[in-house]
Each structure stands twice: as structure tokens, then as C-alpha cells.
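The structure appears below as C-alpha cells.
Lettering of chains follows the sequences in order, A, B, ..., and the numbering in each one begins at 1. Computed from a predicted model, the values in this text were never measured in an experiment.
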Number of protein chains: 2
Amino acid sequence: MSGIDIFKVLADPTRRVVLERLATTELTATDLREGFAISQPAMSHHLAVLRAAGLISERREGRFAYYRMAPEGLAPLHYWIARYKAFWPSRIDSLKDLLKEMDQ
Amino acid sequence: MSGIDIFKVLADPTRRVVLERLATTELTATDLREGFAISQPAMSHHLAVLRAAGLISERREGRFAYYRMAPEGLAPLHYWIARYKAFWPSRIDSLKDLLKEMDQ
DNA sequence: ATAACACATAAGTCTATGCTTATGTATGTG
DNA sequence: CACATACATAAGCATAGACTTATGTGTTAT
């Protein structure tokens, strides 16, 4: 029990966008604010929440803080959803099939 | 865009327990209250939220409402997490490996 | 040394949401 | 018919959480 609810962490849309950006690049807190109508402290707090959940990692360099995604942080979610795949209709087993479905 | 945020829906621990119970059995709203210190309207509301998200289905029979899980409702979550598996360390690819990791 | 910068923390506000009790609606039962 | 049961909806409250401005801490630049 980490005491942190990953579902609550990911329930915030801003945090999900942040995570998406950090999946491919390493960015500073200021870089990340671009595109958001959000104050610096607000972003700082979101990053703290994501970090506490193990979803991002931080690299300090002077006065800059570089963040990037920590994919292993999604393991609890992966684990959670995996338990339900036993009941899964086989057609949504693969991403390919899922995308086909979504096109309809 | 369904307008419903599945992450917010699943962010509530009570709703996750409800979902877990409904994965294996079909139960009525009253049955589901067992084990929860929760009022009948509160449970009714949770069920409405889960239903709106497509996570459970309802079968009416007289004055009873039987609920059960609708696994396809998890497809959006499956889809979301799948996008990150590209960045995934291979060791958390399978549930077996994940469980091994969690034992440590 | 002073100032600018990058970020974190603190304090206070506002809204979302989960809860309660009260009431409504439909379906059964004596 | 009257009454109980199963569930939904309404109204109001209380807490959680996302936001703001103000301030603090450490680092680089002039």
C-alpha cells in the first residue's frame, strides 16, 4: 500500500496531458506550462503529485528540474486492468481490434 | 467523446469494489450494499455513474434491478494504457513478471 | 553584491463530488 | 385497497482538490 491512489492521480486531465508529453521527451517545469492556462505553482503541484505516484522522475541540474515519464509507474494500473481481462470479450484483446471498433 | 471521464469514474474506491464484485456475479443494488457503510441512495448513485460510463449493465425485472459488469467499458482505459506500452520496460509486459516484481 | 531566474511551499478561495435525509415512482403482497 | 419493498431523484451539507497570489529557497548572471 503506497497510500497513493493512481486512479485519483490520473483523474486530472492536465496531469494526463503532462504525462503524455513526458512520454517522449524530457522537459522542465516551465517548458511544460506551454499550452496550459495554468500558474507556475499549479504546474509544480501537478508534477509533485505525478512524482509521488511514481509516474514521472526528476533530474535536477542547477536551478532546472528536468522531468520525464517513468513508465513502470503505470504497473499498478496495468495490474488492475489485467485482472479483468479474464472476462474480456476476445475482440477487445488487441489494440488493432479495438481501433477497428472505434472507427465504426 | 462520450463526455465521461473513465478515470474520474474509477477514481472512487467504492465504485472499484462494486465493479470487482460485479465482475463475477450479477447482483441487485441492495445486495451490493452489503459490506459498505453507505446509504441506499449513495449506492444507487454510484451505480448510475458506472452505468453512464458503460462499465456495468442493468437488467430490470419487476422492482429489482440486476447489475453486472460490462467488460467492454474498460476498452478506453485499455486503449489509453496501450499507448504507453511502447515505452514500457519489457519486464512489466506480462502479468507474471509483474507479480514477481511485486513480491520483492 | 544585486538582480533575475527556476522552482517549491504556504495560505486562502472556489468548485466538484460524495454523503446524508426526505420524497417520489413503480411493483409486489396481505 | 392499503401497505411494504426496491430503487431513483431531490435538496442540502461537508470535504477534497484544483486554482490563485504571495512568499521562500537555491542557482546563475551582471
Side-chain angles (χ1 to χ4, degrees), chain A residues 1-22 25-70 73 77, chain B residues 1-22 25-70 73 77:
Chain A
M1 291 185 213
S2 63
I4 293 176
D5 186 340
I6 194 171
F7 285 97
K8 283 188 182 167
V9 172
L10 293 173
D12 185 276
T14 300
R15 285 198 282 266
R16 291 204 298 273
V17 174
V18 167
L19 205 64
E20 194 175 354
R21 286 202 195 163
L22 293 178
T25 336
E26 192 183 47
L27 293 169
T28 67
T30 307
D31 292 340
L32 281 165
R33 279 187 65 200
E34 206 165 318
F36 291 106
I38 210 182
S39 68
Q40 176 265 315
M43 178 57 77
S44 183
H45 182 246
H46 281 311
L47 290 167
V49 171
L50 285 167
R51 186 158 149 47
L55 288 166
I56 61 174
S57 64
E58 190 188 312
R59 178 174 68 86
R60 288 318 264 271
E61 196 175 315
R63 58 184 158 163
F64 297 91
Y66 293 92
Y67 292 97
R68 74 173 122 177
M69 194 188 171
L77 191 61
Chain B
M1 287 180 215
S2 63
I4 293 175
D5 187 340
I6 193 172
F7 286 96
K8 283 188 181 166
V9 171
L10 293 172
D12 186 276
T14 301
R15 284 197 283 265
R16 291 203 299 273
V17 174
V18 167
L19 205 64
E20 195 174 354
R21 287 203 195 163
L22 293 177
T25 334
E26 192 183 47
L27 293 170
T28 67
T30 306
D31 292 340
L32 280 165
R33 279 186 65 199
E34 206 165 318
F36 291 105
I38 210 182
S39 67
Q40 175 264 318
M43 178 57 79
S44 183
H45 182 245
H46 281 310
L47 291 168
V49 171
L50 286 167
R51 184 156 150 51
L55 288 166
I56 60 173
S57 65
E58 191 189 312
R59 179 174 67 87
R60 288 318 266 269
E61 196 174 314
R63 56 184 159 162
F64 297 91
Y66 293 92
Y67 292 97
R68 73 173 124 177
M69 195 189 171
L77 190 62

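Rounded to whole angstrom, the span from the CZ atom of B:Phe64 across to the C1' atom of C:dG28 amounts to 8 Å. Look at NZ on A:Lys8: it is 15 Å from P on D:dT15, rounded to the nearest Å. The interatomic distance linking A:Glu58 (CD) with C:dA6 (P) rounds to 16 Å, in whole Å. The CE atom of A:Met43 sits 9 Å away from the P atom of D:dC19 (whole-angstrom rounding). Summarising the geometry, the separation between CZ on B:Arg33 and P on C:dC19 is reported as 12 Å, rounded to the nearest angstrom. Rounded to whole Å, the distance from CG on A:Leu47 to P on C:dA6 is 15 Å. Between B:Arg60 atom CZ and D:dA6 atom P the separation is 13 Å, expressed in whole Å. Atom pair B:Asp31:CG and D:dT5:C1' shows a separation of 14 Å (rounding to whole Å applied).
Phosphate proximity of D:dA10 to B:His45: absent, as no side-chain N or O sits under 4.0 Å from OP1 or OP2. Residue A:Ser39 places at least one side-chain N or O under 4.0 Å from the OP1 or OP2 atom of D:dT20. OP1 or OP2 of D:dA18 lies within a sub-4.0 Å distance of a side-chain N or O belonging to A:Arg15.
Side-chain proximity of A:His46 to the nucleotides D:dA18, C:dC7, C:dG18 is greatest for D:dA18. Which of C:dT20, C:dG18, D:dT9 sits closest to the side chain of B:Ile38 comes down to C:dT20. With C:dT20, D:dC19, C:dC7 as the choices, the nucleotide that has an atom nearest any side-chain atom of B:Ala42 turns out to be C:dT20. Nearest nucleotide to the side chain of A:Arg63, out of C:dT21, C:dA8, C:dA6: C:dA6. Distances from the side chain of A:Pro41 to the nucleotides C:dA8, C:dT17, C:dG18 place C:dA8 closest.
Inter-residue side-chain proximity for A:Phe7 and A:Leu77 is flagged as met; some heavy-atom pair is nearer than 4.5 Å. B:Ile4 places none of its side-chain heavy atoms less than 4.5 Å from the side chain of B:Val49.
For the atom pair B:Arg16 CZ and B:Leu50 CG, the distance stands at 11.5 Å (nearest 0.5 Å). Atoms OG1 and CD, from B:Thr28 and B:Glu58 in turn, are 11.5 Å apart once rounded to the nearest 0.5 Å.
With hydrogens and angles disregarded, a donor-acceptor distance shorter than 3.5 Å links the side chain of A:Arg33 to the backbone of A:Ile38.
Using a 4.0 Å heavy-atom criterion, one finds that A:Phe36 contacts no nucleic acid atom at all.
No N or O donor and acceptor, one from the side chain of B:Gln40 and one from the base of D:dA6, sit under 3.5 Å apart.
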